[in-house]
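For reference, the structure discussed in these notes is given below.
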Amino acid sequence: MFTKGHLPSAFPAVVLSLVASIAGCESRQTEFASERLSQVLDPVDAPHDAAAIKAFCGDCHLVPQSHRFDKGRWREEVEQGFRLYANSGRDDLVPPDFDATLAFFRDTAPDELEFHPHDSQPDTRFQRQEYELIGQPELIGISNVVETRPSDASASSVQFAMTDVWTGNVSTVDQLDSTSTTLRANVIAKVAHPAHIEPADLDGDQATDFVVADLGNYAPDEQTNEGTLWMLRNQGGGSFRRHPLKLGLSRVASVRSLDHDGDGDVDLVVSDFGLHFVGSIYLLTNESTVNGIPKFSWSVLDDRPGAIDTPIVDFNGDGRPDIVTLVSQHHEVVDLHLNLGGGKFESHQLHQAPDPAYGSSSIEVVDLDADGDLDVVFTNGDTLDDFLAKPYHAIHWLENQGSYPFKHHQIATMPGVYCARTGDLDLDGDLDIVAVAMLGEKEMSKQPSGTFQGVIWLEQTSGGQFRRHHMLVNECDAMACQLLDWDADGDLDVLVPPANNSQRVSKTLAVYVNQTR
Amino acid sequence: MIVLAVAAIVIAVGFVAWMGTHQILARYWAAKGAGAVAVRQLDRAEADFQKAVSYDPNLGAGKIGLARVARLRGQFNRAREILQQLASAGIASEGTNRELLLVQIHEGRARELYGNFSRLISQRPDDVDAVWQAFVDGFEFSGEAELARELASNWLKESPDSPLAHLSMAQLAMERDEFEPAERHFALAAQLQPQLITAWQGLMRVSTINYQHRDALLYSEQVLALDPQNIEAQVRKADCLLVLHRDQEAMREFEGALESHSNNFSVRYELASLLLKHDQADRALEVMKPLTAEFSDDVAINYLMAVAHQQLGNDEAAEPYLQKHLDGRQALNRLTEMKFRTEPGDRDFSFCKTVGLAYLRYQWDAAFPWLDQAVRINPMDPEVQQALGDFAHKRGDGELANRYHRQADLVRQMLRRGHAGPGLPPPR
């Protein structure tokens with residue numbers, strides 16, 4: 001038909017460029033590829049020995065204890081460990097063989113976790129009363145309650161603020177009168193998923209504002225950074241204006257106010273729980289106030305994720321506020337940050353729990369044994385990660401004996417315990433403890449009736465000894481509680497607002513009214 | 001006269017040369033297309049075959065190649081349409097009939113047409129893999145997974161060095177979540193044919209499932225070497241870089257992905273988040289701009305907009321986005337409560353549609369399972385078809401979006417005419 005000479009001059013160029021492109025494709029095969037493929041086709045055995053397993057599983061946290069989960073659960077736990085290592089971006093450890101690792105933990109784990117009956121008496125000191133709220137008919141997940149100074153002159157009126165982590169409501173609540181079974185709620189803001197509220201006069205106008213820690217997203221999620229620190233600025237007349245002090249945090253669990261630099265304004269400590277790889281405790285130093293909104297400089301106090309709360313106390317009596325921190329999320333530590341002034345802190349570990357799946361959940365700093373120094377009361381009962389009740393969930397006392405770490409005492413076990421608060425409930429001059437628990441119905445149904453207690457108080461009988469009284473059994477629907485003198489009779493009552501993880505709506509708050517007086 | 005004769009000769013020679021050149025080029029591109037099919041680079045194959053038929057519209061190999069590409073993409077109707085065009089043009093060949101038969105086998109009639117197996121194998125010794133593949137996929141497609149597996153094993157016994165046989169075994173293993181054999185067969189396929197893009201893609205996916213981010217990163221680079229605009233590999237590479245704390249490189253990857261896939265909203269969102277993490281709010285706002293109208297109620301996008309404005313010191317501009325974000329969160333809470341209170345058995349069409357539409361509005365990437373369930377229960381609801389199209393559009397898949405939207409129009413027309421047929425299959 002025709003010869004090469006008849007082809008348009010562009011033809012050879014086209015052909016050459018095509019040939020070049022094909023050749024180019026082939027040359028792109030990297031050395032890595034063949035090397036990696038060889039590894040896939042001829043894999044090297046991962047180590048199986050206990051030392052390798054312990055080295056791998058004890059690098060980020062303590063080596064987990066096999067008795068913390070039953071045999072059936074361990075696969076998920078080991079998978080999680082391998083997954084978290086992979087997602088950490090690290091490659092400095094030698095991952096052991098998965099099956100050997102699973103066997104290491106599972107073989108010595110119990111078939112089922114055993115729940116022992118509590119040595120507990122039914123309470124006779126408190127009488128439960130239910131209160132309906134006008135203005136906030138739906139309560140689902142009250143995550144925090146804080147007593148606030150009554151805004152009016154009535155000495156008998158109780159006023160508190162609370163957050164509902166599910167509905168997003170932030171409200172102040174007060175009694176209509178001391179005999180009414182109805183309370184008046186004022187929803188002062190709606191945010192996403194508020195976990196904690198702190199009263200503070202942020203703009204210096206002598207009216208109480210609030211700072212709210214907002215998780216942003218209810219379900220923990222490494223990708224969604226919608227945690228927000230809100231200021232609710234008091235406008236007077238029960239009206240508050242919402243300002244975002246900081247957006248884009250990972251999961252803000254708590255905020256506490258202090259004046260760490262002694263300059264007379266309000267600084268803050270923010271617990272950004274985060275999840276596995278993000279999250280920190282931040283110290284916010286108040287630099288100025290512009291149009292009533294404080295501007296803070298942010299610094300990291302602790303760069304580990306998992307911060308639950310940071311009570312502020314003057315630990316060493318030097319006049320400067322110190323910070324005690326409870327960091328969960330596999331670290332499971334209680335630390336003290338002594339304020340040295342000038343923005344400097346000296347950190348000491350007060351306690352490290354023995355297992356990364358401990359589930360630390362609340363903390364309070366008090367002189368529990370009345371020996372003149374400050375101790376720590378904390379709880380471990382968080383189930384929002386695996387929804388499992390654990391027999392080792394408990395209320396603990398860290399006794400200050402003048403050196404670090406503090407001496408650990410387990411006071412009482414309580415599966416699902418979320419909050420413990422101290423006060424002299426029986427008016428005998430020492431501190432007692434009240435505690436509440438939250439557990440799912442399905443989880444509770446796995447054990448015989450009577451196994452789980454929802455509200456208890458622990459009566460301190462003599463230096464550090466406690467007698468247990470249960471106020472509510474088989475209903476574990478609270479993650480917060482507050483001691484206050486509800487009926488103004490001079491003894492402490494217990495406010496227990498409802499919370500559950502099943503989006504069940506409650507219409508009432510419970511108050512356990514102390515009958516001592 | 002002589003001049004005219006010379007001119008006529010020159011024109012004739014020129015014409016013949018032009019014709020000849022076109023035929024050569026057509027055959028060249030068809031061969032190149034076939035090569036691309038062999039390594040499953042279907043976009044490239046389609047482009048090559050299109051070039052082939054643009055040079056010679058009657059070239060059977062070009063048209064059959066296009067039909068094969070459509071078949072391998074699961075677009076059986078399109079494949080049939082192309083082959084029928086050949087038949088109508090009177091240029092059908094044995095190859096056309098063979099491909100038509102493979103279409104029928106592939107789309108699920110493998111058992112019925114199994115009697116043709118030996119004949120098809122012996123018919124074209126250079127094309128036996130296509131026959132095995134069509135039967136394996138056909139059995140798989142018609143729900144006869146065991147037969148598909150058995151056949152793939154036989155294929156591998158017959159042709160242990162066939163990369164496509166290994167690929168098939170790997171894909172069947174993936175379907176069953178058997179990641180170890182899947183990885184091995186993908187690796188063997190890639191080793192036997194390093195240009196086989198689907199093998200590298202398979203390795204990339206297995207590594208991702210196994211959280212082997214470094215491997216996934218390197219496999220994604222292999223895919224990108226073969227197909228530089230492969231969006232899945234671009235996103236995977238960027239995501240791996242993020243896990244490995246190589247944020248700046250991840251940012252560059254996302255920027256690159258956005259250049260070639262400007263409608264991919266997930267990439268926009270991820271890039272904007274990363275920019276904000278590194279305090280580049282101005283650029284983040286620019287990247288987010290195309291999202292704001294289409295995703296005006298999306299909780300995550302509104303929050304990101306608020307963060308960007310706050311970073312720029314403009315709390316006032318942030319506020320409306322924050323309010324929309326919070327309103328959206330409330331709506332999502334209601335959805336969760338609804339789901340919690342409705343047993344899976346009670347989740348009827350209306351429930352799935354309501355949840356799917358709400359998700360599409362407030363948290364678009366959670367919408368698909370609900371809309372998909374709704375359309376399975378009732379394919380004759382134009383609103384759900386429209387919503388699936390909107391979902392595909394938001395995911396950046398314009399082609400699928402158009403197909404769903406066309407289907408929605410079709411349903412509307414049918415309903416207007418009072419037609420109540422058995423319903424429509426999902427668009428392919």
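All chains are named by letter (A, B, ...) in the order of the sequence lines, taking the proteins before the strands, and each is independently numbered beginning at 1.
Ranked by non-hydrogen atom pairs under 4.5 Å with chain A, the options B/Leu203, B/Asn210, B/Leu244, B/Val243 are led by B/Val243. When B/Val299, B/Leu242, B/Asp215, B/Thr336 are compared by the number of non-hydrogen pairs under 4.5 Å with chain A, B/Asp215 comes out ahead. Ranked by heavy-atom pairs under 4.5 Å with chain A, the first of B/His213, B/Arg334, B/His325, B/Gln191 is B/His213. The most heavy-atom pairs under 4.5 Å with chain B, out of A/Ala192, A/Ser38, A/Ser502, come from A/Ser502. Heavy-atom pairs under 4.5 Å with chain A were tallied for B/Arg184, B/Gln330, B/His245; the largest tally goes to B/Gln330. Put simply, of B/Leu188, B/Leu276, B/Asp315, the one with the most heavy-atom pairs under 4.5 Å next to chain A is B/Leu188.
In this structure, A/Arg242 pairs ionically with B/Glu319, as a charged nitrogen and a carboxylate oxygen lie closer than 4.0 Å. Salt bridge present: B/Arg214 and A/Asp91 bring a charged side-chain N and a carboxylate O closer than 4.0 Å.
Interatomic distance, CZ of A/Phe296 versus CG of A/Leu229, reported as 7.5 Å (0.5 Å rounding).
Under the 6.0 Å cut-off for aromatic ring centres, A/Phe82 and B/Tyr211 do not qualify, their centroids lying 6.0 Å or more apart.
Between the side chains of A/Tyr218 and A/Asn501, at least one donor N or O lies within less than 3.5 Å of an accepting N or O. With hydrogens and angles left out, the side-chain atoms of B/Asn333 and B/Glu337 include no donor and acceptor closer than 3.5 Å. With no hydrogens or angles considered, no side-chain donor-acceptor pair links B/Asp48 and B/Trp29 at under 3.5 Å.
Contact of A/Ser88 with chain B is made through the backbone alone, with heavy-atom distances under 4.5 Å. Heavy atoms closer than 4.5 Å to chain B are found in the side chain of A/His193, but not in its backbone. Looking at B/Leu218, both its backbone and its side chain come within 4.5 Å of chain A, counting heavy atoms on both sides. Looking at A/Ile293, neither its backbone nor its side chain comes within 4.5 Å of chain B, counting heavy atoms on both sides. With a 4.5 Å cut-off on non-hydrogen atoms, A/Leu84 does not touch chain B at all.
Remark: A/Glu287 CD is packed, more than 12 non-hydrogen atoms of other residues, nucleotides or ligands lying under 6.0 Å away.
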